[in-house]
Amino acid sequence: MVSFNLTPSDPSAFILTGIPGLQDAHIWISILFSMFYIIILLGNFMVLFIVSKEQTLHKPMYLLLCMLALTDINTSSSVIPKALCIFWFNLKSITLGGCLTQMFFLHAASVMHSAVLVIMAFDRYVAMCNPLRYSTILTNTRIAKLGLVALIRAVLFILPLPLLLKRQPFCANRIIPHTYCDHMAVVKLSCGDIIVNWMYGLVIIFVVSGLDLMLIALSYGLIIRALLRISSKRAHQKALSTCTAHICVILTSYTPLLFSSLTHRFSEGIAPHVHIILANLYFLAPPHA
């Protein structure tokens with residue numbers, strides 16, 4: 001592994017340590033990171049290419065898959081290249097501007113991803129519970145508009161995070177025990193009053209993620225109720241398999257994200273490397289890549 005000078009030339013820069021306690025294994029961990037990153041890029045770009053070229057796939061469900069692919073590429077590319085620089089070259093320094101930029105794109109893509117999952121749940125609800133009106137309720141134009149709304153929502157909710165942090169004074173110890181600039185990890189380095197930052201981050205978790213999960217649960221609850229009324233066993237199995245796949249996507253998306261966000265605030269008993277590995281699973285294992 002090539003090693004460079006760790007001392008940042010900019011005194012305002014931060015140091016990302018990678019995975020605390022597993023520094024000796026960084027080169028082996030980097031192999032997994034790079035393999036997953038290649039798979040993520042190839043898988044998602046293939047989805048985008050196939051859908052764009054095949055006219056028969058220009059339908060709401062496939063447009064939603066393209067949105068998910070774009071958010072997967074964004075979240076992974078916001079984190080993994082810098083993590084590989086840490087693992088391979090020991091390039092741990094990151095400027096305040098770079099840190100806040102990474103934070104914005106990372107969390108905005110996560111909120112966008114969550115919104116797309118809500119739209120997908122609504123898409124499945126209409127397809128299962130009101131199939132005769134599906135083509136009139138969910139058109140490509142309407143899906144595009146919903147995607148735009150999701151993007152605007154993500155920007156409006158996440159933009160205050162870096163703006164609030166930019167006003168904070170930071171202590172001399174600018175070491176972030178992480179592979180990327182997680183919001184709470186950076187907040188904890190501030191010497192000022194962080195109550196607003198702490199509370200706003202919590203609001204995003206419960207208002208954005210919590211509301212999205214409630215809407216998804218409502219959609220699938222109504223779908224399950226409709227499934228129980230299906231008399232055809234074949235139709236019942238087909239619908240159930242589709243819903244099961246989507247529920248697995250939702251679980252693999254929200255579980256590591258919520259675990260990482262909540263343990264940063266409320267748990268001090270979890271080993272740092274366990275917390276960071278689980279946090280990185282959100283970027284390493286996009287559910288449909």
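- In this structure, a donor-acceptor pair under 3.5 Å is absent between the side chains of Y125 and N130.
- In this structure, Y62 places its OH atom where only 12 or fewer heavy-atom neighbours from other residues, nucleotides or ligands lie under 6.0 Å away.
- Note on ring orientation: taking the six-membered ring where Trp is involved, the planes of H107 and H183 are perpendicular (angle over 60°, cut-offs 30° and 60°).
- Residue M214 qualifies as open at atom CE: its count of foreign heavy atoms under 6.0 Å is 12 or below.
- Open room surrounds CZ on F105; 12 or fewer heavy atoms of other groups in view lie less than 6.0 Å from it.
- Atoms CD and CG, from Q102 and L100 in turn, are 10.0 Å apart once rounded to the nearest 0.5 Å.
- Contacts classified as disulfide bond (SG atoms under 2.5 Å apart) and involving residues 111-205 (residues at least two apart or in different chains) are given here: C99-C181, C171-C191.
- A 4.5 Å side-chain heavy-atom check between D72 and H113 finds at least one atom pair inside the cut-off.
- Of the possible polar contacts, none joining the S76 side chain to the I73 backbone as a donor-acceptor pair under 3.5 Å is found.
- Between L165 and P162, the closest side-chain pair of non-hydrogen atoms is not below 4.5 Å.
- With contacts defined as side-chain heavy-atom distances shorter than 4.5 Å, the pair V111/D212 does not qualify.
- Here L156 is tied into one hydrophobic group with L148, I152, each link being a pair of ILVMFWY side chains closer than 4.5 Å.
- Of the possible donor and acceptor atoms, one in the side chain of R142 sits under 3.5 Å from a partner among the backbone N and O of I137.
- Within the 4.5 Å cutoff, no side-chain heavy atoms of F89 are placed close to those of L84.
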